[in-house]
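In what follows, residues are counted from 1 in the order of the sequence shown.
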Amino acid sequence: QVQLVESGGGLVQPGGSLRLSCAASGSIFSINAMGWYRQAPGKQRELVATITSGSSTNYEESVKGRFTISRDSAKKTVFLQMNRLKPEDTAVYYCKGGIRRVASEYYSEYWGQGTQVTVSS
């Protein structure tokens, strides 16, 4: 079994910062790309940022220059540093990983359960 567990969400004032973490655990052989997505009330889930196994990154336009995605491959963990947060960043943030399980030849997508981020004064 493979699990992704997010942490680090919470309530922050506009202009503040939060750091999200997502740790993968279980019978993992290797992890390919990982990413962060978010879903605001009444809206579709959208991509926030991705990072490849080689640490190449990609960001949604509205978070460029404010958010930074990184990973610690040894700890099977991906991070999202969020600075200069805005009310429109309020959403449930989900982690996704492309993971190959032990004794499997294929990569499958796994999602975390989500962590709430609320930006409000």
Side-chain angles (χ1 to χ4, degrees):
Q1 190 74 318
V2 171
Q3 278 192 316
L4 295 178
V5 179
E6 301 102 333
S7 61
L11 172 65
V12 64
Q13 291 187 341
S17 298
L18 282 175
R19 188 186 194 216
L20 305 183
S21 300
C22 172
S25 63
S27 57
I28 297 171
F29 180 80
S30 66
I31 302 176
N32 197 355
M34 301 188 79
W36 287 96
Y37 296 71
R38 65 187 179 187
Q39 187 166 18
K43 295 187 176 181
Q44 289 190 332
R45 191 172 299 189
E46 65 174 2
L47 170 71
V48 176
T50 60
I51 185 167
T52 68
S53 57
S55 295
S56 294
T57 59
N58 180 56
Y59 296 92
E60 192 271 328
E61 194 64 34
S62 70
V63 308
K64 284 182 179 178
R66 300 188 297 124
F67 291 10
T68 302
I69 188 170
S70 61
R71 66 192 287 171
D72 182 333
S73 296
K75 295 182 179 179
K76 300 184 180 63
T77 301
V78 64
F79 305 96
L80 186 68
Q81 177 67 42
M82 305 186 293
N83 298 326
R84 290 183 281 137
L85 282 158
K86 304 176 181 180
E88 50 264 44
D89 294 318
T90 295
V92 178
Y93 283 69
Y94 297 91
C95 169
K96 186 179 82 170
I99 296 173
R100 178 179 168 186
R101 295 179 61 183
V102 172
S104 173
E105 297 181 0
Y106 307 102
Y107 284 88
S108 299
E109 289 184 350
Y110 292 85
W111 289 87
Q113 81 289 350
T115 185
Q116 177 70 46
V117 172
T118 303
V119 185
S120 175
S121 55

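- With rounding to the nearest 0.5 angstrom, the CD1 atom of I99 is 5.5 Å from the CE atom of M34.
- Annotation: cation-pi geometry satisfied between R45 and Y94 (NZ/CZ under 6.0 angstrom from ring centroid, within 45° of ring axis).
- Between the side chain of S104 and the backbone N or O of V102 there is no donor-acceptor pair closer than 3.5 Å.
- Looking at heavy atoms from C-beta onward, V78 lies in side-chain contact with C95 at the 4.5 angstrom threshold.
- Two residues are said to be in side-chain contact when any heavy atoms from C-beta on lie closer than 4.5 Å; R71 and T77 fail this criterion.
- Residues F79 and I31 are members of separate hydrophobic clusters, defined by side-chain heavy-atom contacts under 4.5 angstrom among Ile, Leu, Val, Met, Phe, Trp and Tyr.
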Using residues 12-23 as the side-chain source, report each donor-acceptor pair under 3.5 Å to any protein atom, sequence neighbours left out, with the distance given to one decimal.
residue : atom : partner : partner atom : Å
S17     : OG   : N83     : OD1          : 2.9

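- Atom OG1 of T57 sits about 6.5 Å away from atom CD1 of I51, to the nearest 0.5 Å.
- Looking at E60, its side chain never comes within 3.5 Å of a backbone N or O of L47 through a donor-acceptor pair.
- Between I28 and R101, the closest side-chain pair of non-hydrogen atoms is not below 4.5 Å.
- Counting only distance, with no hydrogens or angles, the side chain of R38 and the backbone of V92 share no donor-acceptor pair below 3.5 Å.
- Not one N or O on the side chain of T50 forms a donor-acceptor pair closer than 3.5 Å with the backbone of G35.
- A donor-acceptor pair shorter than 3.5 Å cannot be found between the side chains of E88 and T90.
- The shortest side-chain heavy-atom distance between M82 and T68 does not fall under the 4.5 Å cut-off.
- Going from atom CG of L11 over to atom OG of S120 covers 6.5 Å, rounded to the nearest 0.5 Å.
- Between the side chain of E6 and the backbone N or O of G114, at least one donor-acceptor pair lies under 3.5 Å.
- A donor-acceptor contact shorter than 3.5 Å links the side chain of T115 to the backbone of G9.
- Residues that satisfy the salt bridge (Lys or Arg N to Asp or Glu O under 4.0 Å) test with R100, not counting sequence neighbours, are absent from this structure.
- The environment of Q3 atom CD is sparse: at most 12 non-hydrogen atoms of other residues, nucleotides or ligands sit within 6.0 angstrom.
- Taking the centre of each ring, F67 and W36 stay at or above the 6.0 Å mark.
- Rounding to the nearest 0.5 Å gives a distance of 8.5 Å between OG of S70 and CD of Q81.
- The environment of K96 atom NZ is dense: over 12 non-hydrogen atoms of other residues, nucleotides or ligands sit within 6.0 angstrom.
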